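These notes concern the structure reproduced below.
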Amino acid sequence: MSGNPAVVMRLVASAYSVAEKAGAIVRKVLHSGDLGIVEKTGANDLQTLADRLAQKSICASLSRRFPKVTIIGEEDLPCEEVQEDMIENGQAEEILQKSCPKEYEALKEEELVVWVDPLDGTKEYTEGLLDNVTVLIGIAYGGRAIAGVINQPFYNYQLGSGAALGRTIWGVLGLGAFGFQLQEVPADKRIVTTTRSHSNKTVTDCVNAMEPHDVIRVGGAGNKIIQLIEGKASAYVFASPGCKKWDTCGPEAILHAVGGKLTDMFGNPYHYNADVKHMNSAGVLATLRNHDYYVSRVPQSVLQALRSD
């Protein structure tokens, strides 16, 4: 790589280090024993001290290094001075060494939008289902998710105190995705992953219409995309509003970088411009392969219900 990597690669390299710092914050808050839980809109929509601190760290760190990038975070937090020990200045060297895909070489800071979910799977975090928890940073250009970082703060936590905790997965369209072993569900199997805590009749009807051999109910959008790329599930099916752009931007970029696809339940792409509405109101359908098959299985009653929302 030349001595001056493209802006987008520097941003991904920073996002990688920043996500690792956020993951450490998420672990530290858990170990402190005081999660500082508040309800946002109800018992299924929680915010913890980890959500608040991780977002402050991510947004302050990235905006200091990339002041012209638009950053949109999940948590509605007051603008205030962030302590210096919350700032992460590091950049992942392995990312800086990679060649930037040609179409992104000349991008400018002000053309990029970053979507941040500081703690995806908050409910699971409060219940001790730690493998569901991720930190998500997505980078968009021209409304399209082009790069993403997923940190799993508690990866390996079941292995006990001797295990190295946490891992970070990242990807850029046109370059690939790294930090995991890409695997696929056997072609003769359909395994659907769906919501653990936000189910309803429409969601259930849609999952059943896929005629799955198995259904995995887990928390966190980032976690469900990891199920797809690691060969644990064939499709992520969530036929309901509830997911937001910060849930899907980073994971979508990583999925697309390995040939997968994420759309709404109608098969239409989501857009990640700075001024789009935050809610993914037509649901989420994501696959590593055979996307058209799953789109074709969505019942008309489900599409009708999503249209009227």
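These numbers come from a predicted model, not from an experiment. Just so you know, these numbers use all the heavy atoms, side chains as well, and skip hydrogens, waters and symmetry mates.
Counting heavy atoms from C-beta outward, Q158 and D131 have side chains that approach closer than 4.5 Å. Put simply, the side chain of V284 does not reach to within 4.5 Å of the side chain of D264, judged on heavy atoms. V172 has its side chain out of reach of V8: every pair of non-hydrogen atoms, C-beta onward, lies at least 4.5 Å apart. With contacts defined as side-chain heavy-atom distances shorter than 4.5 Å, the pair L262/Y270 qualifies. Using a 4.5 Å heavy-atom threshold, the side chains of L173 and P101 count as separate. Residues M9 and L175 form a side-chain contact, since some pair of their non-hydrogen atoms from C-beta on lies under 4.5 Å apart. By the 4.5 Å heavy-atom criterion applied to side chains, V203 and F238 are counted as neighbours. By the 4.5 Å heavy-atom criterion applied to side chains, V12 and W170 are counted as neighbours.
Using a distance-only test at 3.5 Å, with no hydrogens or angles considered, no donor-acceptor pair links the side chain of S57 to the main chain of L53. Not one N or O on the side chain of S61 forms a donor-acceptor pair closer than 3.5 Å with the backbone of I58. Checked by atom type and distance alone, the side chain of R52 pairs as donor or acceptor with a backbone atom of G36 at under 3.5 Å. No donor-acceptor pair under 3.5 Å is formed between the side chain of Q47 and the backbone N or O of K40. Judged purely by atom type and a 3.5 angstrom limit, Y104 has no side-chain atom pairing as donor or acceptor with the backbone of G174. The backbone N or O of L119 lies less than 3.5 Å from a partner atom in the side chain of T122, making a donor-acceptor pair. The closest donor-acceptor contact from the side chain of S281 to the backbone of P241 lies at 3.5 Å or more, if one exists at all.
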Show your reasoning for whether side-chain contact (heavy atoms from CB on, under 4.5 Å) applies to V116 and I72. CA-CA 6 Å; V116 176; I72 302 169; over 6 Å; no
With salt bridge (Lys or Arg N to Asp or Glu O under 4.0 Å) as the criterion, how do E109 and R65 come out once you've worked through the C-alpha distance, each side chain's angles and the decisive distance to 0.1 Å? CA-CA 10 Å; E109 272 189 39; R65 195 182 273 263; over 6 Å; no
Give the intermediate values and the outcome of side-chain contact (heavy atoms from CB on, under 4.5 Å) for residues Y125 and V26. CA-CA 9 Å; Y125 179 66; V26 169; 3.5 Å; yes
Go through the steps for T202 and D205 under the test side-chain contact (heavy atoms from CB on, under 4.5 Å), then give the verdict. CA-CA 5 Å; T202 311; D205 287 352; 5.8 Å; no
Pair Y16, E94 - check side-chain contact (heavy atoms from CB on, under 4.5 Å), show working. CA-CA 10 Å; Y16 184 104; E94 62 163 307; 3.9 Å; yes
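Looking at E230 and K232, a side-chain N of the basic residue comes within less than 4.0 Å of a carboxylate O on the acidic one, giving a salt bridge.
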For residues 140-151, which side-chain N or O atoms pair as donor and acceptor with protein atoms under 3.5 Å away, sequence neighbours left out?
unit_1 : atom_1 : unit_2 : atom_2 : d
N151   : ND2    : R167   : O      : 3.4
N151   : ND2    : T168   : OG1    : 2.9

Report, one line per pair, each donor and acceptor closer than 3.5 Å where one atom sits in a side chain of residues 209-222; sequence neighbours left out.
unit_1 : atom_1 : unit_2 : atom_2 : d
E211   : OE2    : R297   : NH2    : 3.1
H213   : ND1    : R190   : N      : 2.8

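S32 and K28 are not linked by any side-chain donor-acceptor pair at a separation below 3.5 angstrom, with hydrogens and angles left out of the test. Looking only at atom types and distance, the side chain of D51 has a donor-acceptor partner in the side chain of T48 under 3.5 Å away. Side-chain atoms of T263 and H291 include a donor-acceptor pair closer than 3.5 Å. Side-chain N/O atoms of R10 and Q91 include no donor and acceptor closer than 3.5 Å. Side chains of Q304 and Q300: no donor on one and acceptor on the other come within 3.5 Å. Using a 3.5 Å distance cut-off with no hydrogens or angles, the side chains of Q227 and T193 do not pair a donor with an acceptor.
Annotation: the span from S14 atom OG to L62 atom CG amounts to 6.5 Å, rounded to 0.5 Å. In this structure, the separation between CG on L129 and OG on S197 is 10.0 Å, given to the nearest 0.5 Å. With values rounded to the nearest 0.5 angstrom, L112 atom CG is found 12.0 Å from K68 atom NZ. For the atom pair CD (E124) and CG (L46), the distance works out to 9.5 Å, reported to the nearest 0.5 Å. Taken to the nearest 0.5 Å, the CG atom of L288 stands 11.0 Å off from the CD atom of Q183. Considering CG of L285 and CG of N268, their distance stands at 11.0 Å, rounded to 0.5 Å.
Across all their heavy atoms, Y236 and C243 have their closest contact at OH-SG, 3.7 Å. What you find for T134 and P153 is that their closest heavy atoms are CA-CD, 4.1 Å. Contact between C206 and V302 at its shortest, heavy atoms only, is CB-CG2, 4.0 Å. Listed here is the closest heavy atom pair of V135 and A22: CG1-CB, 3.9 Å. Summarising the geometry of G171 relative to I254, their closest heavy-atom pair is N-CG1, 3.7 Å, with the distance given to 0.1 Å. Across L228 and S234, no two heavy atoms sit closer than the pair CD2-C, 3.6 Å.
Counted within 6.0 Å of CD on Q83, heavy atoms from surrounding residues, nucleotides or ligands total 12 or fewer; the atom is thus considered open. For NZ of K201, the number of neighbouring non-hydrogen atoms (other residues, nucleotides, ligands) closer than 6.0 Å is 12 at most.
Grouping the Ile, Leu, Val, Met, Phe, Trp and Tyr side chains by contacts below 4.5 angstrom, directly or via other members, places F178 with V18. Y155 and L182 are members of different hydrophobic clusters when ILVMFWY side chains are connected at heavy-atom separations under 4.5 Å. The cluster map of Ile, Leu, Val, Met, Phe, Trp and Tyr, joined by side-chain heavy atoms under 4.5 Å apart, puts L255 and V185 in different clusters. Under a hydrophobic clustering in which Ile, Leu, Val, Met, Phe, Trp and Tyr are joined whenever their side-chain heavy atoms come within less than 4.5 Å, directly or via other members, I225 and I191 fall into different clusters. Y293 and V237 fall within the same hydrophobic cluster, where Ile, Leu, Val, Met, Phe, Trp and Tyr residues are linked whenever their side-chain heavy atoms come under 4.5 Å apart, directly or through other members.
Between F154 and H31, the ring planes are perpendicular. Angles over 60° get that label, and only those under 30° would be called parallel.
Residue pairs meeting the side chain to side chain donor-acceptor pair (under 3.5 Å) criterion with at least one partner in residues 242-253, sequence neighbours excluded, are K245-N280, T248-Y272, T248-N280, E252-Y272.
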